[in-house]
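Start at 1 and go down the list; that is how both ligands and their atoms are numbered.
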Amino acid sequence: MVVMKFGGSSVADADRIRHVASIIKAYKDEKPVVVLSAMGDTTDHLLEAADLAVSGKVDISGVEKLHRESADKLGIKIEAIDDLLEELTQLLTGISMLKELTKRTRDYLVSFGERMSVRMMSAYLTNQGIPAKFYDAWDIGMISDSNFMAAELLDEVWENIPAHLNGYKDGKDKEIPIVTGFIAKDKKGNITTLGRGGSDLSATMIGSAMKAKEIQTWKDVDGILTADPRVVKEAHPVPEVTYEEAAELAYFGAQVLHPRSMMPCIKSGVPVRVKNSYNIESPGSIIVENHSGEVPKVTAITSVKHVTLIDINSTRMLGSAGFLAHVFNNFLKWGISVDVIATSEVSVSLTVNGKTDLTGLLQDLDHVADVEVQKDKSIVTIICDADHSSAILASGFGALAEAGINVQMISQGASKVNITVICDDDEVNQVVNTLHKAFFG
Ligand code: ASP
Ligand code: MG
């Protein structure tokens, strides 16, 4: 059994759906379980429709047109989609009357995207002589907590999924399951979502619970690359990364996988393969527990733009115990999440998302520290084997020095697979290219 996950851009229109159907067909004998995202940008469009509804206007014409036209082009008639569109209109009408939108309603609303795409795909496959059956995630036991918009799957999911899909794995059920990514239900029956991009987690959860041979996530590039190909022309595929490296890649900006999606695999050991839907023959990249051969010194370089760098220098608490505790208690108080940190005896530098409102935090810290805030910074992360950190730092920083670039903060994560530097937004592409050249030639 394999799990095959296709994201929104892979199923963006009728042509792409046809193409994905042909890939599924090619894997028919491997007993695929297919996990789909909503078509194209449907999730974003549903969220826009929700905002419109709050301001009193009901309009789903864009979403409706995409789904109806695609169904027409695919030559399928799907009553189930008519029903969903009807339900969606009613929901938006309700929102437009109440003029408010809770997180719970938001999740219910975006769930329509995935629910429509699986119906479309299963109808089309069946029409093509490949019997398929759609499932809303809860039909196979995807139960979560009630933390709407970022729900966590409950442990029972590990047993629920096989209870529903073992018949297919054993060959008793013949229809290929086409399952919604991204969504689940809580114990009370409310629809929840696993957070944006959560379909990856749905796929790794299903694959792990089913002990699949592998979990495939299909993209439009040859797997995981050494850098963002829009930034580095010479970026090339990485054949193998570990779960830990993949999670770091995701946290630090590579558009590979949802950061949380590695969690089920770390438990199950099921490998994840990142494949290119435009190049089926290419093996792509495989994500595994441990490297099969020699651990590469540097795996990839990623970057995240538009972060804010905060330098906090202790004044009153100079050298006294509890300075860091005090600083971080204030971050906790204001609910501000920190990404990268470097510390010295009397100071701490850290980064936060550039959109964070720092007003309250800065007022509180004012009593104990000199605080300097610098906006428009970037985090560049070298995903690497930290056992070689000295050599990596030497060649990387040698190259940066030669290029005349001074980076501002360096930090090595405890996970031992990343080294992070901070630079200005307008220097970041040069930094990434310089490092890429130093490490990959
Ligand atoms: N459709 C959802 C989103 O756009 C989930 C996903 O694609 O993984 O975030
Ligand atoms: Mg998506």
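- Which parts of ligand 1 touch Ser37 is read off a 4.0 Å heavy-atom cut-off, strictly below it: atoms 6 (C), 7 (O), 8 (O).
- Using a 4.0 Å heavy-atom cutoff, Gly197 is listed among the residues neighbouring ligand 1.
- Distances below 4.0 Å separate heavy atoms of Arg196 from the following atoms of ligand 1: 3 (C), 4 (O), 9 (O).
- Contacts classified as salt bridge (Lys or Arg N to Asp or Glu O under 4.0 Å) and involving residues 269-278 (residues at least two apart or in different chains) are given here: Glu214-Arg273.
- The aromatic rings of His236 and Phe440 lie perpendicular to each other, with more than 60° between the two planes, well past the 30° mark.
- The shortest heavy-atom distance from Glu114 to ligand 1 is under 4.0 Å.
- Electrostatic pairing of Asp82 and Lys77 counts as a salt bridge here, judged by a charged N lying under 4.0 Å from a carboxylate O.
- Remark: Arg18 pairs with Asp15 by the salt bridge (Lys or Arg N to Asp or Glu O under 4.0 Å) rule, at least two apart or across chains.
- In this structure, of Ser202, Ser199, Ser10, the residue bringing a heavy atom nearest to atom 8 (O) of ligand 1 is Ser199.
- Looking at every heavy atom in both residues, Leu74 comes nearest to Ala14 through CD2-O, 3.5 Å.
- Residue contact annotation: Gly198 has a non-hydrogen atom under 4.0 Å from ligand 1.
- Residue Thr43 places at least one N or O, backbone or side chain, under 3.5 Å from an N or O of ligand 1.
- A distance of 11.5 Å separates CG in Asp59 from OG in Ser96, rounded to the nearest 0.5 Å.
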